[in-house]
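Just so it is clear: chains get the letters A, B, ... in the order the sequence lines come, proteins before strands, and each one is counted from 1. The figures here come from the full heavy-atom set of this structure, side chains too, leaving out hydrogens, waters and symmetry mates.
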Amino acid sequence: MESTVRVRFAPSPTGGLHIGGVRTILFNYLFAKQNNGKFILRIEDTDQTRFVKGAEDYIYSCLDWCGIKADESTRAGGDYGPYRQSERKSIYRQYAEQLVKSGYAYYAFDTSDELECKRQVTENFRYDQNTRQTLRNSLNIPHEAAENLIKEGAPHVIRIKMPKDEQIHFTDMIRGDVSFSSNDVDDKVLLKADGMPTYHLAVVVDDYLMKITHAFRGEEWLPSAPIHILLWRYLGWAADMPQWAHLPLILKPNGNGKLSKRDGEKFGFPVYPINWIDPASRKKADGFLEVGFLPEGFINMLAMLGWNDGTEQEIFSMDDLIAKFSMERIHKGGAKFDYEKAKWYNQEWIKISSAKRLLSPVKDALNNAHIQDFSDNQLLSVIDLVKERCVLLTDFVEQGSFFFKAPDKYDTNSVKPKWNDDKEEFFKAFADELKSGEFLDSASLETNFKDLATKKGLKVGDAMLPFRIMLVGGKFGPQVFDIAHQIGKDETINRINQALEAFEKYK
RNA sequence: GGCCCGUUCGUCUAGGGGUUAGGACGUUAGAUUUUCAUUCUAGAAACAGGGGUUCGAUUCCCCUACGGGCUACCA
């Protein structure tokens with residue numbers, strides 16, 4: 001009988017979730033879906049001092065935008081809840097006590113201040129097998145004295161007692177065999193003075209209780225892996241230990257360190273999936289959503305940061321990724337984030353997406369720019385006309401707004417130098433012709449326009465640019481006659497007349 | 001400082017004992033498009049260094065360098 005794959009992502013609600021975390025979520029999710037397993041979202045809010053209001057909601061919003069749904073979570077529920085660690089507080093202590101009883105952990109009464117002092121005095125001070133004899137803990141005072149202190153309510157923590165001269169090995173799914181000497185690891189706190197577990201205890205206990213089979217996390221956790229391995233062993237659960245995989249980090253574009261939340265502002269690109277407003281400072285950080293990314297492009301880009309399928313394919317939908325993802329093909333080295341390439345993925349997704357798919361996000365982008373006067377059908381045609389020149393969804397504002405609004409200013413430099421009576425006359429004639437003629441399609445419009453220009457002794461090229469400026473306002477946009485056809489006969493005539501007036505002074 | 005992990009074009013990466021070291025982004029040049037974008041063609045651009053092992057190493061091993069991570073009663 002094969003046991004079900006169960007993976008988890010366990011963020012702490014201390015702020016916005018940045019793209020490194022989202023990529024870890026993505027890899028967890030892909031692995032779970034591929035194996036018909038479960039993806040669990042667990043909130044690790046064991047540090048009450050760092051709790052940030054709104055952070056948990058934000059995580060769900062990000063997941064939602066990305067199209068990822070947790071099978072079990074604080075919201076979805078599940079058989080292994082609660083899924084918020086602060087609500088599990090009561091279950092951790094017994095395991096810590098169990099470790100004390102079996103001799104793998106001990107009570108320590110040193111206060112944070114005392115230890116801070118030690119660190120001031122001794123460089124590289126560590127609470128470990130070399131120093132623990134000199135400190136205030138249950139290893140150095142009679143057992144009963146320790147028990148009494150605790151009964152009296154003396155503040156204390158429980159620390160793991162790291163063994164001497166032991167090599168701790170484990171096989172990482174990405175890195176292969178990794179080993180540490182127990183002598184290099186300090187006696188980490190497992191249970192804090194406030195009764196909350198630290199991450200080290202909580203991950204192990206919860207992963208066990210929630211029957212996690214594969215534990216994926218960022219590479220920054222590698223150094224604490226030996227603690228977790230030992231805990232699994234000391235708690236008697238070694239046979240149930242999940243397989244570990246430490247994912248490579250996403251690095252700053254300049255390569256100096258891992259990408260951090262502040263880098264968005266510093267380098268000028270988003271690091272959050274959606275806008276994050278820090279509740280304390282009210283400072284807003286841009287999200288990929290608001291900047292104009294499609295979730296498809298965002299996910300595609302993230303997946304390719306450290307993974308590829310071994311072929312030359314670069315564009316993957318979520319379903320493609322679920323089908324083709326494999327842990328073996330994850331890179332070991334960190335990846336510097338490249339915003340240019342990120343935008344390219346989005347551009348590709350805009351190009352291959354149907355107008356129907358694009359309708360809602362493009363509408364949002366236009367509405368945000370206060371352009372609302374259009375029907376869905378109009379917008380659908382416009383999207384098809386302009387999508388290949390958009391990299392971000394927000395580009396639809398510039399590329400699309402003139403379809404719904406006559407230009408209020410003109411790129412005069414493109415018209416001014418060559419504007420004269422002949423041209424004015426031509427456009428007047430063209431407007432007249434439009435008025436009385438039919439307005440079939442852009443091809444016949446083009447023919448009419450060119451014929452008339454030739455008849456009036458104008459070079460076609462000399463008439464095209466002013467026409468574009470009249471309709472669009474600037475030197476951009478799709479085929480002029482497509483634009484004219486799209487905005488319709490009356491509007492085309494209006495814009496010609498309006499421009500003719502504005503150009504009067506250039507003659 | 002100590003420990004751990006890593007290192008192929010500027011960036012993301014493929015490859016792997018004998019290859020013209022492949023692709024993509026970006027970049028350069030050109031073609032197409034009577035704006036721009038798209039599209040197409042071509043170009044420049046990489047195996048960190050030193051020792052082994054081997055007939056042969058970019059590929060395997062060791063060392064060095066460099067980069068990154070961790071070193072809290074934070075995750």
Side-chain angles (χ1 to χ4, degrees), chain A residues 10-15 21 44-47 49-50 108 110-112 115-116 119 123-128 155-159 172 174-175 178-181 183-186 188-200 202-203 217-226 246 248-249 251-253 255-258 301 304-315 329 331-345 347-348 351 386-391 395 398-399 411 414 446 450 459-465 467-469 472 474-480:
Chain A
S12 66
T14 54
E44 305 221 339
D45 56 346
T46 54
D47 186 351
T49 64
R50 294 208 311 160
D110 324 79
T111 65
S112 298
L115 295 176
E116 191 47 46
R119 279 187 264 270
E123 218 179 327
N124 298 327
F125 168 81
R126 289 199 324 178
Y127 209 120
D128 61 14
H156 64 281
V157 302
I158 293 178
R159 286 178 182 272
D172 186 278
I174 295 170
R175 286 149 220 286
V178 182
S179 81
F180 296 83
S181 163
N183 298 342
D184 294 325
V185 186
D186 55 346
K188 288 281 181 234
V189 170
L190 301 178
L191 198 75
K192 301 188 258 192
D194 64 3
M196 278 294 221
T198 59
Y199 172 81
H200 304 297
V203 240
R217 60 200 343 182
E219 194 187 344
E220 72 265 34
W221 289 106
L222 209 40
S224 53
H246 291 88
L249 266 12
L251 275 12
K252 298 178 200 290
N256 295 141
K258 63 173 171 175
M301 173 277 288
M304 301 312 282
L305 236 39
W307 178 85
N308 70 85
D309 77 339
T311 73
E312 279 166 9
Q313 183 177 347
E314 303 222 51
I315 302 302
R329 295 202 63 87
H331 231 248
K332 294 183 177 74
K336 295 186 188 106
F337 183 72
D338 180 0
Y339 190 46
E340 291 306 313
K341 184 114 190 206
K343 284 192 289 192
W344 176 79
Y345 282 108
Q347 183 180 18
E348 291 299 303
K351 279 193 302 199
V386 305
K387 70 177 187 183
E388 70 193 21
R389 59 202 75 214
C390 294
V391 173
D395 294 338
E398 186 183 51
Q399 294 295 333
D411 177 358
S414 306
E446 181 171 359
K450 286 180 176 173
K459 273 194 276 180
V460 174
D462 286 347
M464 294 278 276
L465 188 60
F467 191 33
R468 170 176 296 280
I469 303 297
V472 176
K475 287 200 286 186
F476 58 91
Q479 299 286 330
V480 215

Whole angstrom value for the distance that separates [atom2] of [N] from [atom1] of [X]:
{"X": "A:His246", "N": "B:C70", "atom1": "NE2", "atom2": "C1'", "result": "11 Å"}
{"X": "A:Trp344", "N": "B:C25", "atom1": "CH2", "atom2": "C1'", "result": "7 Å"}
{"X": "A:Glu116", "N": "B:U71", "atom1": "CD", "atom2": "C1'", "result": "14 Å"}
{"X": "A:Asp172", "N": "B:C4", "atom1": "CG", "atom2": "P", "result": "15 Å"}
{"X": "A:Met196", "N": "B:A75", "atom1": "CE", "atom2": "P", "result": "9 Å"}
{"X": "A:Lys188", "N": "B:C3", "atom1": "NZ", "atom2": "P", "result": "16 Å"}
{"X": "A:Asp128", "N": "B:C3", "atom1": "CG", "atom2": "C1'", "result": "13 Å"}
{"X": "A:Met301", "N": "B:C25", "atom1": "CE", "atom2": "P", "result": "16 Å"}

Side-chain N or O of [X] closer than 4.0 Å to phosphate OP1/OP2 of [N]:
{"X": "A:Asn308", "N": "B:U13", "result": "no"}
{"X": "A:Thr111", "N": "B:C73", "result": "no"}
{"X": "A:Asn124", "N": "B:U71", "result": "no"}
{"X": "A:Arg50", "N": "B:A72", "result": "no"}

Check every strand shown and say whether [X] touches a base, only sugar-phosphate, or nothing at a heavy-atom separation below 4.0 Å.
{"X": "A:Ser112", "answer": "base"}
{"X": "A:Gly306", "answer": "sugar-phosphate"}
{"X": "A:Lys343", "answer": "nothing"}
{"X": "A:Asp110", "answer": "base"}
{"X": "A:Arg217", "answer": "nothing"}
{"X": "A:Ala193", "answer": "base"}
{"X": "A:Met464", "answer": "base"}
{"X": "A:Thr49", "answer": "nothing"}

Is a side-chain N or O of [X] found less than 3.5 angstrom from the main chain of [Y], in a donor-acceptor match?
{"X": "A:Asp172", "Y": "A:His246", "value": "yes"}
{"X": "A:Thr198", "Y": "A:Val189", "value": "yes"}
{"X": "A:Asn308", "Y": "A:Gly310", "value": "yes"}

Apply side chain to side chain contact (heavy atoms under 4.5 Å, CB included) to residues A:Phe125 and A:Leu115 and explain how you reach the verdict.
CA-CA 9 Å; A:Phe125 168 81; A:Leu115 295 176; 4.1 Å; yes
Less than 4.0 angstrom from a charged side-chain N to a carboxylate O is my criterion; do A:Lys341 and A:Asp338 meet it?
no
Sorted by chain and number, sequence neighbours left out, side chain to side chain donor-acceptor pair (under 3.5 Å) with A:Lys475 holds for none
CG of A:Asp462 to CZ of A:Phe467: how many Å apart, nearest 0.5 Å?
15.5 Å
To the nearest 0.5 Å, what is the distance between CG (A:Leu249) and NZ (A:Lys336)?
13.0 Å
Say we look at [N] and [M]: how far apart would their [atom1] atoms be, to the nearest angstrom?
{"N": "B:C70", "M": "B:U28", "atom1": "C1'", "value": "43 Å"}
{"N": "B:G23", "M": "B:C4", "atom1": "C1'", "value": "33 Å"}
{"N": "B:G51", "M": "B:U41", "atom1": "C1'", "value": "45 Å"}
{"N": "B:U20", "M": "B:U58", "atom1": "C1'", "value": "15 Å"}
{"N": "B:A44", "M": "B:U39", "atom1": "P", "value": "23 Å"}
{"N": "B:A24", "M": "B:C63", "atom1": "P", "value": "38 Å"}
{"N": "B:C62", "M": "B:C55", "atom1": "C1'", "value": "22 Å"}
{"N": "B:C3", "M": "B:A46", "atom1": "C1'", "value": "31 Å"}

Would you mind pulling out the nucleotide paired to [N], Watson-Crick or G-U wobble, both distances under 3.5 Å?
{"N": "B:U54", "result": "none"}
{"N": "B:G1", "result": "B:U71"}
{"N": "B:U7", "result": "B:A65"}
{"N": "B:U38", "result": "none"}
{"N": "B:U33", "result": "none"}

What residues form a salt bridge (charged side-chain N to carboxylate O under 4.0 Å, His left out) with A:Lys192, not counting sequence neighbours?
none
Tell me which nucleotide among [options] gets nearest to the side chain of [X].
{"X": "A:Arg329", "options": "B:G23, B:G15, B:C12", "value": "B:G15"}
{"X": "A:Lys336", "options": "B:C73, B:C12, B:G23", "value": "B:C12"}
{"X": "A:Lys341", "options": "B:A75, B:U71, B:G23", "value": "B:G23"}
{"X": "A:Asp184", "options": "B:C25, B:G2, B:C73", "value": "B:G2"}

If you pin A:Leu305 and A:Phe125 to their nearest nucleotides in RNA chain B, which one's is more 5'?
A:Leu305
Need to verify one output field. Residue with the more 5' nearest nucleotide on RNA chain B, A:Trp307 or A:Val460?
A:Trp307
Heavy-atom protein contacts under 4.0 Å, nucleotides 35-45 of chain B, coded B base, S sugar-phosphate only, - none:
BBBSS------
Could you pull out the closest heavy-atom pair between [X] and [Y], with the gap in Å?
{"X": "A:Glu219", "Y": "A:Lys332", "answer": "OE1-O, 4.5 Å"}
{"X": "A:Lys258", "Y": "A:Lys252", "answer": "O-NZ, 3.5 Å"}
{"X": "A:Glu44", "Y": "A:Tyr199", "answer": "OE1-CD1, 3.0 Å"}
{"X": "A:Ala335", "Y": "A:Leu305", "answer": "CB-CG, 4.2 Å"}

Under the criterion side chain to side chain contact (heavy atoms under 4.5 Å, CB included), I'd like the reasoning laid out for A:Trp344 against A:Met301: C-alpha separation, chi angles, the key distance, then a yes or no.
CA-CA 9 Å; A:Trp344 176 79; A:Met301 173 277 288; over 6 Å; no
Which atom pairs link the protein and nucleotides 29-32 of chain B when you take only N or O atoms and keep those under 3.5 Å?
none

With sequence neighbours excluded, what pairs up with A:Phe337 under the ring-ring contact (aromatic ring centres under 6.0 Å, His included) test?
A:Phe269
A:Arg159 to A:Tyr127, cation-pi by 6.0 Å centre distance and 45° axis angle
yes
What nitrogen or oxygen pairs link the protein and nucleotides 5-8 of chain B at under 3.5 Å?
unit_1, atom_1, unit_2, atom_2, d
B:C5, O2', A:Arg175, NH1, 2.5
B:C5, O2', A:Glu219, OE2, 3.0

